[in-house]
Amino acid sequence: MNNNQTAQYDFNNIEKKWQQYWQQNRTFATSDDFSMPKYYVLDMFPYPSGDGLHVGHPEGYTASDIIARYKRMNGFNVLHPMGYDAFGLPAEQYAIKTGTHPRDTTVKNINRIRQQIQSLGFSYDWDREIDTTDTKYYRWTQWIFLQLFNSYFDTEQQRARPISELLEALENESLLIDPAGQIVPNQNKDLEALAGLPIGTRTWAELTPAQRSEILSNQRLAYQAEVAVNWCPELGTVLANEEVIGGVSERGGHPVIRKPMRQWMLRITAYAERLLDDLEGLDWTHGIKKLQADWIGKSTGAEVDFTIDEHGATLKVFTTRPDTLFGATYMVMAPEHPLVPEITTEPQRPAVEQYITQAARKSDLDRTDLAKEKTGVFTGAYAINPVNNQRIPIWISDYVLIGYGTGAIMAVPAHDTRDFEFATKFNLPIIQVVAPTLEDAYIINHAKEFTTTEAIEGDSLGFMGFLILTKEIHPTADWEKVAQETDHRKIELPNGVVLYAVPHEARRDIDYSKYFDKLPKYVDIAHDPQFMKDPKATIRHPLQEAFTGEGFAVNSDQFNDLDTDQFKTKITNWLAEQGLGNAAINYKLRDWLFSRQRYWGEPFPILHLENGTTIAVDESDLPVTLPDVETYQPSGTGESPLATIPEWLNTTYNGQPAQRETNTMPQWAGSCWYYLRYLDAHNELAPFASEKEKYWMPVDLYIGGAEHAVLHLLYARFWHKVLYDLGHVHTKEPFTKLVNQGMILGDDNQKMSKSRGNVVNPDKVINDYGADSMRLYEMFMGPLDATKPWSMQGVEGVHRFLQKVWRLIIGPEGKIHTNITDQPNDDAAQRTLHKTIKKVTQDIDAFAFNTAISQMMIFTNEYLRLPHCNRAAIESFTLILAPFAPHFAEEIWQRLGHTDSLAYQPWPTYDESLTQDPEIEIAVQVLGKIKDRITIPADLTEDQIKERAIASEKVQQAIAGKTVRKVIVIKGRLVNIVAN
RNA sequence: GCCGAAGUGGCGGAAUUGGCAGACGCGCGGGAUUCAAAAUCCCGUUCUGGCAACAGAGUGAGGGUUCGAUUCCCUCCUUCGGCACCA
């Protein structure tokens with residue numbers, strides 16, 4: 001290697017030199033040595049945008065690189081790959097504008113971003129680099145799509161199974177098709193067909209090919225359906241809900257309208273329960289898990305059937321509060337509900353039709369804007385409330401969403417805020433059926449008059465108050481004991497709530513903390529004798545607003561006085577007995593809208609035959625590649641530019657004419673499984689070899705931005721579970737541990753943006769200070785997951801630190817400093833070394849890189865003061881610095897006389913006994929105030945420490961004339977003397 | 001509106017099974033070195049009062065528990081992030 005050793009820290013040459021060395025020696029190429037312990041550390045791969053890398057990217061990449069290098073030095077076989085999520089709108093928008101093929105733009109951008117990533121010295125295995133737009137990659141994305149297309153979800157077994165198994169059951173007639181088109185078991189199968197099949201039930205053989213195709217489609221995990229989608233005229237494509245932010249497209253900010261269209265969907269809802277359940281075992285932050293759980297949005301309740309009066313049809317609703325059925329005074333259907341035209345009466349029809357048209361034309365943005373004021377129209381129809389046979393009107397309103405539950409609700413205005421608003425506006429009756437518990441009632445009535453602490457300590461006016469006891473708040477409180485010992489009077493109220501009352505004067509002397517870890521609410525009610533006399537009467541006041549809490553039932557016939565939970569159970573059972581309803585679970589999560597009408601995405605490996613059936617392209621015919629097109633402009637009719645190329649569009653299948661599916665997949669597709677392709681990036685026979693998957697999976701550490709908290713991670717988990725069910729992967733979850741790096745703000749504490757002019761260009765930072773300084777600074781800024789502002793002066797600070805280390809180790813001739821010898825360190829220097837190894841090791845394990853760096857700074861500052869330092873200590877220090885500043889460390893390591901890279905050197909170990917100081921300084925407090933600091937041998941006993949502390953002159957002054965009541969000794973920390 | 005995270009010097013931040021608040025870095029002030037500058041080194045740097053020794057206050061605000069609270073509990077305020085008519 002080169003001999004032109006310089007005396008200066010010449011980061012430019014050093015970094016180039018080592019990047020070349022790593023590349024030429026394939027230092028970080030990962031072997032599939034299954035005998036070694038493995039560690040898979042994954043970064044969220046970037047979209048190769050024309051702007052190149054942002055300073056936010058290297059933050060996560062540096063953190064993962066530190067871990068990767070650290071794990072290697074700890075003997076792990078580390079998989080640390082990188083690639084590009086390269087399909088996507090920007091390249092395509094650019095193509096529309098300029099006519100440049102998105103592939104050209106993409107290749108150019110990838111080259112740029114690769115160069116940027118490499119200039120930071122990350123230890124990726126570049127042999128495994130992937131690009132989602134590469135046909136060799138998306139061939140397997142299409143293959144996975146076919147897995148979805150060729151599978152159905154067995155609800156009984158709660159897992160995906162090949163659709164061929166379903167087909168077989170249909171063909172052998174153990175399954176039949178009922179009149180509604182549902183697949184049902186054949187009850188008569190083993191009875192030699194004694195009786196005929198139920199009326200309208202058909203066998204598979206009786207169906208036409210198109211009907212069969214339709215039936216199977218209704219089961220497939222990937223299916224087509226007519227759905228109300230977000231159509232963005234400007235982009236000429238539909239967008240998923242999550243790509244629409246506040247009524248405009250996430251990309252470009254164009255308006256979006258609702259429109260029914262036939263689209264490809266993925267049945268992610270089938271996995272809702274498992275996606276929710278399996279969150280539990282993941283080592284992800286609580287916050288991210290909660291975001292996912294909320295997105296899935298499970299709610300438990302009941303489905304109830306309401307009969308439509310003089311019509312006979314059933315209107316099914318979902319409710320989480322079946323206990324409020326007696327308060328249902330009207331119903332509301334979504335305007336898009338299919339039953340609306342059917343039940344609308346003639347006089348109401350014009351108004352209803354007008355409302356439906358209006359609602360459909362409204363963009364999501366308009367809907368949001370108008371959300372303040374409820375709108376709606378009466379259909380003229382009435383439903384019968386099954387619990388009390390009341391005739392209640394049916395309205396339509398866009399505050400009821402077609403996509404959630406059944407698209408219709410029972411409205412309980414007394415206990416639902418939205419229903420309350422609607423009922424108030426349209427003068428519909430409001431009947432209270434839930435009375436708040438006494439505690440809630442009192443708080444509702446007197447919310448502004450007291451707080452917990454005031455109620456206990458404050459000077460309220462009256463002489464009588466009460467403590468509120470509920471099982472929820474004080475499950476373990478021994479109230480009998482309280483009553484006995486504190487002279488409280490026990491008062492039992494009809495609804496089971498127990499109060500303990502005490503005279504005002506007496507309660508001041510009671511130490512409630514003796515009885516409860518959580519203080520009871522203490523309410524002074526002397527000014528409200530009515531409340532004591534008949535609490536129920538007090539709380540049954542006309543509602544000023546909806547009461548959405550729980551309590552006990554009123555106005556509910558035989559269910560009166562039941563508490564909310566009991567009521568729910570009872571009424572649900574009752575409904576089931578009467579055949580009027582059943583317990584039910586609903587999820588906010590919707591099926592995933594998977595098609596886009598764009599050019600730059602994976603084509604669907606699907607053919608449409610003339611007989612109306614839809615079939616999969618044979619696996620052996622994959623990939624279905626993108627053709628070249630004249631123009632990238634979407635057709636605007638809801639079809640992609642692919643539809644305009646007849647020679648691509650028209651093909652044959654077994655000699656029959658067939659048309660290719662012209663939609664393409666959304667950008668999420670490629671990123672849903674890329675972590676699997678890295679395992680075996682060049683496999684031409686399969687997406688990955690099974691034995692490699694068994695060795696490397698799951699991903700041990702996944703680092704990326706929190707913006708992917710829900711979608712990417714949920715979609716990837718979904719695909720992974722499907723692959724798991726079909727036996728392609730062996731773990732239920734792909735990512736064991738997830739860490740989110742925080743956002744980096746500009747130096748003005750604002751989000752970085754071109755318009756603010758506060759964007760920091762990583763290339764410039766690397767050019768001015770070097771990649772090692774850049775890496776070090778990004779880690780030194782603060783905790784990895786925090787949002788923090790950039791500071792160029794901070795970069796200079798860590799750069800100065802590297803300069804110092806350089807001066808510590810490298811002498812004026814560019815050789816090792818003459819101060820560094822084999823002479824042993826003195827004890828203090830040796831302790832500093834061991835403390836440093838310990839802290840850096842523990843901090844890396846805890847992702848506390850900022851404090852690891854500050855400890856290395858302390859080491860450097862101390863060692864610079866030494867007359868000489870021990871060579872082995874310097875070598876150890878170089879090794880622990882290596883994950884943070886790898887080029888720098890390699891250069892030092894080489895100058896220390898080593899010929900190999902330090903990348904696989906064993907991580908230095910520390911001796912716990914050498915991290916302990918023989919003498920320590922402790923604080924001496926009197927009554928919690930520090931009076932003195934004394935230096936004592938570390939191994940003193942408590943009594944000895946006590947003695948020394950009291951002997952202190954300053955302490956003597958402070959306790960003069962007082963009696964020492966107690967002396968608290970915290971070993972190694974402080975002594976606190978209580979004296980008065 | 002709901003959910004989540006967080007509020008500590010001039011700035012980024014450190015310290016929590018409750019035990020010396022402000023590590024480390026930046027900035028700033030003073031000094032050394034230099035013809036001068038850069039670089040480097042040394043000293044100081046939470047605030048208030050004081051020449052100083054020292055005293056008092058102090059981790060968003062208020063209250064509580066404790067010998068002792070940045071850390072635990074209650075109430076409130078602010079900032080950031082996410083979701084948003086989900087019955």
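Because only heavy atoms are used, hydrogens play no part in the values below, and waters and symmetry mates are left out as well, while side chains stay in.
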For [X] and [N], what is the distance between atoms [atom1] and [atom2] respectively, to the nearest whole Å?
X: A/N976; N: B/A69; atom1: CG; atom2: C1'; result: 13 Å
X: A/D294; N: B/G82; atom1: CG; atom2: P; result: 15 Å
X: A/F859; N: B/A23; atom1: CZ; atom2: P; result: 21 Å
X: A/R933; N: B/C20; atom1: CZ; atom2: P; result: 10 Å
X: A/N861; N: B/C26; atom1: CG; atom2: P; result: 9 Å
X: A/K374; N: B/A87; atom1: NZ; atom2: C1'; result: 12 Å
X: A/M792; N: B/C26; atom1: CE; atom2: C1'; result: 14 Å
X: A/I288; N: B/C83; atom1: CD1; atom2: C1'; result: 14 Å

From the list [options], which nucleotide is the closest neighbour of the side chain of [X]?
X: A/T319; options: B/C26, B/A87, B/G68; value: B/A87
X: A/A923; options: B/A57, B/A87, B/C20; value: B/C20
X: A/I968; options: B/C67, B/G27, B/A5; value: B/C67

Is it the case that the ring center of A/F422 lies less than 6.0 angstrom away from the ring center of A/Y399? yes
Is the distance between the ring centroids of A/H415 and A/F420 under 6.0 Å? no
Taking any heavy-atom pair under 4.0 Å as a contact, classify [X]: base, sugar-phosphate, or nothing.
X: A/I409; result: base
X: A/T285; result: nothing
X: A/K971; result: nothing
X: A/N850; result: sugar-phosphate
X: A/S791; result: nothing
X: A/I930; result: sugar-phosphate
X: A/Q925; result: base
X: A/Q803; result: nothing
X: A/K788; result: sugar-phosphate
X: A/L974; result: base

Using a cut-off of 6.0 Å, state whether more than 12 heavy atoms not belonging to [X] lie near its atom [atom1].
X: A/E953; atom1: CD; result: no
X: A/Q750; atom1: CD; result: yes
X: A/R973; atom1: CZ; result: no

Between the NZ atom in A/K931 and the CZ atom in A/R933, the distance rounded to the nearest 0.5 Å is 12.0 Å
When you check the phosphate oxygens OP1 and OP2 of [N], does a side-chain N or O of [X] lie under 4.0 Å from one of them?
X: A/K929; N: B/A57; result: yes
X: A/T851; N: B/G13; result: no
X: A/N749; N: B/U79; result: no
X: A/R807; N: B/A39; result: no
X: A/K751; N: B/G81; result: yes
X: A/R865; N: B/C42; result: yes
X: A/R800; N: B/A39; result: no

Report the residue from A/F884, A/F801, A/W790, A/F849 that forms a ring pair (Phe, Tyr, Trp, His ring centres under 6.0 Å) with A/Y777. A/W790
Inter-nucleotide [atom1] distance ([N], [M]), Å rounded:
N: B/U45; M: B/C24; atom1: P; result: 12 Å
N: B/A14; M: B/U33; atom1: C1'; result: 33 Å
N: B/G10; M: B/G27; atom1: C1'; result: 7 Å
N: B/G7; M: B/A61; atom1: C1'; result: 12 Å
N: B/G62; M: B/G50; atom1: P; result: 26 Å
N: B/U70; M: B/G19; atom1: P; result: 10 Å
N: B/A21; M: B/U71; atom1: P; result: 14 Å
N: B/U59; M: B/C20; atom1: C1'; result: 15 Å

Under a 3.5 Å cutoff on both atom distances, Watson-Crick or G-U, what's the dot-bracket for RNA chain B ([ ] crossing, | other strand)? (((((((..(((......[....)))((((((.......))))))((((....))))..(((((..]....))))))))))))....
Between A/K788 and A/E59, is the salt bridge (charged side-chain N to carboxylate O under 4.0 Å, His left out) condition met? List the steps. CA-CA 11 Å; A/K788 41 209 182 277; A/E59 192 190 10; 2.5 Å; yes
Would you call B/G9 syn or anti, using the 90° rule around 0? syn
Could you tell me which residues satisfy salt bridge (charged side-chain N to carboxylate O under 4.0 Å, His left out) with A/K425, sequence neighbours excluded, listed by chain and number? A/E373
For A/V798 and for A/R321, locate the closest nucleotide of RNA chain B by heavy-atom distance; then report the residue assigned to the nucleotide nearer the 5' terminus. A/V798
Which comes earlier along RNA chain B counting from the 5' end, the contact point of A/K966 or that of A/I922, where each point is its nearest nucleotide? A/I922
Output yes when A/D323 and A/K568 qualify as a salt bridge under the 4.0 Å nitrogen-oxygen rule, no when they do not. no
If the threshold is 4.0 Å, N to carboxylate O, is there a salt bridge linking A/D917 and A/R831? yes
